[in-house]
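Report on the following structure.
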Amino acid sequence: MARSSDDVTRTLPAEGDMAVPGVIFASQALLPEDPAALFAQVRNVATLPGIVEASYAMPDLHVGYGFPIGGVAATDVARGGVVSPGGVGFDISCGVRTLALPALAEEVDGRALAALMDALAEAVPHGTGPGGLARPSEADLTRVLAEGAEAIVADGAGVAADLDRTEDRGRLTGADPGEVGAKARKRGKAQLGSLGGGNHFLEVQVVEEVVDAEAAEVFGLARGQLAATIHCGSRGLGHQVCTDAVGVMREAMGRYGITVPDAQLACVPVDSAQGRAYVAAMEASANYARANRQLIAEAVRDACGKAFGSREAVMVYDVNHNMAKRERHVVDGTERDLCVHRKGATLALPAGHPDLPAELAGVGQPVIVPGSMGTATWVLAGDRGRAFASTCHGAGRLRSRKQARKRIAPDVLARGLAEQGVEVRAKSASGLAEEAPEAYKDVDEVVAVCEAAGLSRRVARLRPLGVVKG
DNA sequence: ATGTCC
């Protein structure tokens, strides 16, 4: 029987220092046996200065640095609302980009797939540490920080249509490269155009199921078609920007009279010197992340050219899931200027929203939700605009990296994936075990809960055929 | 997530 919104919504009433309630969208199956630490994080966020409506958590929620991953929190800028790096995450503007490939799965046999995966593994730098597709000068890096994916397309890597299908058209206009520290620049300079490690990956997939035919057609996806999905972020640059900002805010917070229940929730008013500096550096990091995905998408096109004889790969969408954005939303009957933190959560604009490009206005914003390695990726569309128009970002981790390493043997895992017909090109065996499906929640249940809650609608399910991992 | 501890 179909579940109602109430069936998947849990409220933690405002008590103690909480300014608003906690609202968690999840079924029992998506919560850990002992959710105490997770609920404590949702409650802690509800105490932040200026928070409005609720401390929300999406169905893929799990414990993170200060804020839960899967958390959505909006603060009222005019009423002392804060910005917190812990509410954005270390991998600033980490996100997912899917391209529709010019081939049907039935046209690609095992040998052709293996050739494509070899070409992709060769073309796209993956794994931790330095080494990227681009070799930017200091001036190039500054331009990427200021202009994002737009700078990459302007230099000839990609087409204008790529930007039409990239969140914010690939460029955050509040970015100030001058607010990105020297150490962050140094790390970023050596990594532009690289996947990284952890749960970051590049997959070749087949569209296995279309749930919403109209939206799938608008998004450029058809049953049986191949797709490529890129999951990565701002690498060491964003990580360093986050680290630097947490240090500054821990020290500055007291001067604004702010106390928080957890040091990891370090924050300052959005409208303060330190708040403005962080937002400018965060947006520059977001530009770096989108430029990174644009460069990798071009390398995917090159690999397709080599393996298929066609470079034609059409953007479905590029959505990010680690950002704080200034947005206007109606709260208690009045439209307000909010700073919306989405950490392990995405924007999901409903159909008809004025910020959507005309071609997407009829169906809503695309959202791409990668499952764990070897499991499905879902393409969704914004639905009712709940929780400041947000939805989930992935399967959500169930076991820590350490637990996963302990429980899962990499060779057994690799064999299992091979038996499923998934071609794996992995750099690190222990890294592979950390990303095993057993370490994650069931992504099908995550998106089903999003749909029941009215956060987003299911459009298409993509099954992996090959994966490149750090 | 991360030059997985300066």
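All values derive from a computational prediction rather than experimental measurement. Lettering of chains follows the sequences in order, A, B, ..., and the numbering in each one begins at 1.
Heavy atoms of Glu434(A) sit nowhere under 4.0 angstrom from any nucleic acid atom. When heavy atoms are screened at a 4.0 angstrom cut-off, Gly89(A) is found touching no nucleic acid atom at all. Backbone-only engagement by Gly198(A) is indicated by non-hydrogen atom pairs under 4.0 Å involving sugar-phosphate atoms exclusively.
As rounded to whole Å, 12 Å separates atom P of dT2(B) from atom CG of Leu237(A). Atom NZ in Lys183(A) sits about 7 Å away from atom P in dC6(B), given to the nearest Å. Between the C1' atom of dT2(B) and the CD atom of Gln191(A) lies a distance of 9 Å, rounded to the nearest Å. For the pair Ile92(A) CD1 and dT2(B) P, the computed distance is 12 Å after rounding to whole Å. If you measure from atom CZ of Phe90(A) to atom P of dC5(B), you get 12 Å, rounded to the nearest angstrom. If you take CZ of Arg235(A) and C1' of dT2(B), they are 9 Å apart, rounded to a whole angstrom. When rounded to the nearest whole Å, the span between OH of Tyr288(A) and C1' of dT2(B) equals 13 Å. Rounded to whole Å, the distance from NZ on Lys186(A) to P on dT2(B) is 18 Å.
Pairs engaging residues 167-204 of chain A under the ring pair (Phe, Tyr, Trp, His ring centres under 6.0 Å) rule: His200(A)-His231(A), Phe201(A)-His231(A) [sequence neighbours left out].
The shortest distance between the side-chain N/O atoms of Arg401(A) and the OP1/OP2 oxygens of dT4(B) is not below 4.0 Å.
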Let me have the donor-acceptor pairs involving side chains of residues 61-68 of chain A, under 3.5 Å, with sequence neighbours excluded, atom names and distances please.
residue, atom, partner, partner atom, Å
His62(A), ND1, Asp60(A), O, 3.1
His62(A), ND1, Arg397(A), N, 3.4
Tyr65(A), OH, Arg250(A), NH2, 3.2

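Salt bridge Glu435(A)/Arg405(A): absent, no basic N to carboxylate O contact under 4.0 Å. Using a cutoff of 4.0 Å between basic side-chain nitrogens and carboxylate oxygens, Arg458(A) and Glu451(A) are scored as salt-bridged.
For the pair Glu435(A) and Arg405(A), both in contact range of DNA chain B, the more 5′-proximal nearest nucleotide belongs to Glu435(A). Nearer to the 5' terminus of DNA chain B, by closest-nucleotide assignment, is the contact made by Arg397(A) (compared with the other of Ser428(A) and Arg397(A)).
Side-chain N or O atoms of Asp140(A) include one that pairs as donor or acceptor with a backbone N or O of Ser137(A) at under 3.5 Å.
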